[in-house]
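Taking it in order: structure first as structure tokens, then the write-up.
Whatever order the structure lists them in is the order used to number ligands and atoms, beginning at 1.
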Amino acid sequence: MTPTAQPLRLLLIEDDEDDYLILRDLLDEAAGLSCHLDWVSGLAAGKAALARDAHDLYLIDYRLGADSGLELLEYAGEAGRLRPMILLTGQDDTELDARALAMGAADYLVKGQFDARQLGRAIRYALERSAASERLLQSNARAALLQRCLEASHNGVLIVDAQAPGRPVIYVNPAFEQITGYSAEEALGRNCRFLQGSETRQSGIEEIRRALAAQREVHVVLRNFRKDGSAFWNDLYIAPVPDERGVITHYIGVQNDISERKHFESQLAYNANHDVLTGLPNRALMEDRLEQGCQIARRYQRQLGVMLLDLDGFKPINDTLGHAIGDRMLVEVAQRLAAELRPGDTLARLGGDEFVIVLPDLAHGEDVLAVAERLIACVARPYRLNELDLHVTASIGITLSDGAIAQPMQLIQQADLAMYQAKQRGRNNYQWYTEHLNRQVSESMTLRNELQKAIEALSFELHYQPQIDARSGAVTGYEALLRWPHAEQGMISPARFIPVAEDTGQIIPISLWVLARACRDARRLQLDGLQGGAVSVNISAVHFLRDNFLDSVREALRASDLPPRCLELEITESVLLENAERAIALLRELKALGVGLALDDFGTGYSSLSYLKDLPIDKVKIDRSFIRDLIDDPRDAAVTRGIISMAHHLDLQVVAEGVETAAQAARLFDSQCDVFQGYYYARPMPLSELEDYLRRARPAALGLA
Ligand SMILES: Nc1nc2c(ncn2[C@@H]2O[C@H](COP(=O)(O)O[C@H]3[C@@H](O)[C@H](n4cnc5c(=O)[nH]c(N)nc54)O[C@@H]3COP(=O)(O)O)[C@@H](O)[C@H]2O)c(=O)[nH]1
């Protein structure tokens with residue numbers, strides 16, 4: 001009986017008041033029973049009281065007028081009332097006793113045959129039995145709920161008997177069956193080792209053994225095997241289950257198949273280190289391999305070779321045929337390169353069409369050359385993609401190390417410099433990194449910085465070199481030549497800084513300044529009454545190909561008020577390289593504007609004669625490399641004559657550059673060359689000197705006619 005401070009509340013359902021009074025007196029006498037007795041009479045009042053459920057125990061008389069107390073037992077049973085009920089009768093009837101107990105009565109007492117002590121004991125027993133069965137019911141309900149939870153769980157659960165020999169499995173839930181493929185019948189009675197397959201030496205298993213020995217819980221991830229032999233990652237939590245005395249009687253294991261998560265994690269780890277397109281190591285993994293390579297080279301006194309390979313001609317394929325084709329080509333390049341390397345080598349893709357090759361174990365540094373040659377050859381084979389034969393080549397920069405380098409990534413920078421050099425040297429070749437190359441690059445960096453300061457301070461000058469008419473000796477024009485007076489290095493040649501400026505884009509402000517200054521100076525000469533003809537300005541292909549080049553010419557003319565016919569633009573064949581049609585269209589617009597056009601350095605570089613007839617130019621300038629050996633080398637003389645003849649047939653004037661001697665001038669004159677320019681006549685000079693020169697110039701003194 002639950003100990004309570006409150007007296008028990010009892011209800012007597014009885015028609016006879018005398019019986020109520022007798023019972024009340026007996027209860028008062030019953031030792032150890034503190035209770036309060038209520039009384040109702042009749043079946044209806046009894047049902048109502050049962051429905052209210054306000055009492056701890058009911059004493060029900062068998063005879064309720066014409067009704068039977070058994071009806072109340074039945075009613076309570078149907079209503080799910082669980083309070084103990086004791087049936088009281090006037091006579092001892094075994095059959096009635098049995099029926100009453102079957103219908104849920106806790107006891108059966110015959111009126112007049114029990115005393116206070118017996119009544120008290122009957123009530124106590126009834127209450128205790130009722131409490132016990134209520135506890136049992138609750139416990140059964142809880143057990144049923146736990147069972148349902150285990151059955152519904154997505155986690156596999158197994159219970160092991162810790163006391164039985166071999167610790168057999170005594171329970172597995174359906175999720176366990178589903179994860180492992182073993183049915184409960186197949187799993188029960190066995191030790192869990194059957195899930196380990198042959199992998200019994202996993203560190204997790206050791207950990208489980210230690211935990212079980214120490215009787216503590218453990219969480220491990222094991223590689224287990226399903227019934228069909230396939231492996232799965234088992235995220236397993238095992239806890240010891242003690243009984244009331246603290247003795248471990250069972251172990252419960254909760255397991256989860258985390259194979260998918262493991263796969264995803266390893267995919268993530270793979271992706272973090274590999275290029276998704278080609279599957280090659282990416283920059284991160286390459287860095288790692290590079291460091292390892294340096295360690296190997298140091299430890300075993302070997303050479304480490306690092307190559308940076310960049311494809312030539314990949315961009316136009318990618319841009320014109322689309323990225324799908326470009327991607328397929330990159331994959332094929334990766335496969336071809338990989339096939340040329342040894343297992344210990346690393347081929348990585350840095351992005352775009354750039355690959356790194358790390359050769360960590362070279363006996364001789366030169367061994368890298370054979371590899372480079374193989375790589376160049378394999379890349380150059382045609383690619384059959386979308387029924388097209390496509391071609392790319394490779395430029396490779398190579399550097400070597402003995403591994404003693406604090407920052408291995410510097411090797412990539414070195415290889416990059418060498419690769420850039422390979423590009424400059426016509427592509428489809430390899431170049432070594434050298435200290436000299438390094439110096440060149442760092443000089444070029446310094447030059448860039450200084451050039452920027454010069455641009456900002458406008459510390460350039462223009463010198464002018466006269467051009468002489470071969471027949472009359474008159475000055476027909478003068479070429480503007482840029483000069484950069486440097487505080488420490490003196491006059492820096494444009495041949496040195498213009499290529500750097502073209503690379504960096506610094507050529508644009510420089511070129512705009514030259515154009516504006518040349519137009520302004522030419523206009524000043526005109527206003528001073530000096531007849532020098534047109535001023536020729538060298539135009540970099542980088543500037544020429546800018547969208548607003550035409551506007552910048554117009555602006556220079558407008559700002560200086562120079563008539564367009566007094567300006568001549570010298571372009572080189574390189575302007576035609578990228579987009580010849582666009583370049584020719586632009587030349588036509590310039591022509592329409594009224595400026596003169598000359599093709600500079602003719603005979604060098606691209607020199608495709610087919611386009612020459614379409615160019616709206618006025619002049620070609622024979623490169624001074626032909627003039628230099630004109631007298632001694634009959635081939636140069638022949639080329640020069642050929643150029644002059646061809647130009648005349650196309651109605652173009654010919655200017656010879658770099659005329660240094662009278663003999664050269666005479667030979668050129670004989671070959672019908674129209675205009676001479678060179679030190680023989682005058683060196684490039686500042687504007688003030690040009691003014692004097694033009695004042696002094698006498699056609700008869702200069703001409704050969
Ligand atoms: N985009 C621009 N390029 C420019 C500009 N100014 C010059 N340049 C180009 O730089 C290159 C080197 O020019 P420079 O050192 O000025 O040399 C020129 C002449 O000084 C030189 N020359 C002239 N006569 C002789 C000679 O008899 N012998 C000899 N050894 N050299 C001589 O030739 C250069 C002229 O070249 P070109 O332009 O091809 O007529 C040079 O490529 C310049 O074009 C500029 O403002 N913008």
Which residue in the set Asn428, Asp310, Asp312 passes side chain to side chain donor-acceptor pair (under 3.5 Å) when paired with Ser395?
Asp312

Less than 3.5 Å apart, any donor N or O on the side chain of Gln303 or Asp402 sitting next to an acceptor on the other?
no

Side chains of Gln431 and Asn429: any donor to acceptor distance under 3.5 Å?
yes

Crowding at CD, Gln531 (>12 non-hydrogen neighbours, <6.0 Å)
no

Do protein heavy atoms approach atom 47 (N) of ligand 1 to less than 4.0 Å?
yes

Protein contact to atom 44 (O) of ligand 1 [nearest heavy atom, distance to 0.1 Å]
Asn538 OD1, 3.3 Å

Can you list the atoms of ligand 1 that are under 4.0 Å from a heavy atom of Gly678?
24 (N), 27 (O)

Just which atoms of ligand 1 are under 4.0 Å from any heavy atom in Glu660?
26 (C), 27 (O), 28 (N), 29 (C), 30 (N)

What I want to know is whether Tyr679 and ligand 1 share at least one N or O pair that is separated by under 3.5 angstrom.
yes

Checking Arg683 against Tyr679: charged group under 6.0 Å from the ring centre and within 45 degrees of the axis?
yes

Run the side chain to side chain contact (heavy atoms under 4.5 Å, CB included) test on Glu461 and Arg517 for me, step by step, so that the C-alpha distance in whole Å, both residues' side-chain angles and the decisive distance to 0.1 Å come before the verdict.
CA-CA 9 Å; Glu461 290 174 10; Arg517 170 57 67 95; over 6 Å; no

Distance col, row Asp561:CG vs Arg523:CZ, nearest 0.5 angstrom, shows 4.5 Å

Just jot down the ligand 1 atoms closer than 4.0 angstrom to any heavy atom of Pro684, in number order.
20 (O)

Taking only heavy atoms of Ser493 into account, list the atoms of ligand 1 that are under 4.0 Å away from them.
15 (O)

Under 3.5 Å, is there a donor-acceptor pair linking the side chains of Tyr383 and Asp389?
no

Side chains of Ser540 and Glu502, donor plus acceptor under 3.5 Å
yes

Between His543 and Phe549, ring centroids under 6.0 Å
yes

Give the numbers and elements of all ligand 1 atoms closer than 4.0 Å to a heavy atom of Gln465.
23 (C), 24 (N)

If we set the cut-off at 4.0 Å for heavy atoms, which region of Ile498 has an atom near ligand 1: side chain, backbone, both, or neither?
side chain

For Lys621, the ligand 1 atoms whose distance to one of its heavy atoms is below 4.0 Å
40 (O)

Between Asp601, Asp623, Val655, Ile507, which one has a non-hydrogen atom sitting closest to atom 39 (O) of ligand 1?
Asp601

Is the positively charged end of Arg425 above the ring of Tyr420, judged by distance under 6.0 angstrom from the centroid and angle within 45° of the axis?
no

With atoms numbered from 1 as shown, which atoms in ligand 1 lie under 4.0 angstrom from a non-hydrogen atom of Gly658?
25 (C), 26 (C), 27 (O)

From Gln664, Arg624, Met491, Glu479 - option closest to atom 21 (C) of ligand 1 by heavy atom
Arg624

Side chain or backbone of Leu482 under 4.0 Å from ligand 1, or both, or neither, by non-hydrogen atoms?
both

Please report which non-hydrogen protein atom sits nearest to atom 9 (C) of ligand 1, along with the residue it belongs to and the distance in Å to one decimal place.
Pro494 CB, 4.3 Å

To the nearest 0.1 Å, how far is atom 37 (P) of ligand 1 from its closest protein heavy atom, and which atom is that?
Glu657 OE2, 3.0 Å

Could you tell me if Glu657 and Gln677 have a donor-acceptor pair between their side chains, going purely by distance under 3.5 Å?
no

Considering only heavy atoms, does Val514 approach ligand 1 within less than 4.0 Å through its side chain, its backbone, both, or neither?
side chain

Could you name the option among Ile539, Ile627, Val542, Leu481 that has the heavy atom nearest to atom 18 (C) of ligand 1?
Leu481

Tell me whether atom 41 (C) of ligand 1 lies less than 4.0 Å from at least one protein heavy-atom position.
no

Go through ligand 1 atom by atom and flag the ones less than 4.0 Å from a non-hydrogen atom of Arg483.
14 (P), 16 (O), 20 (O)

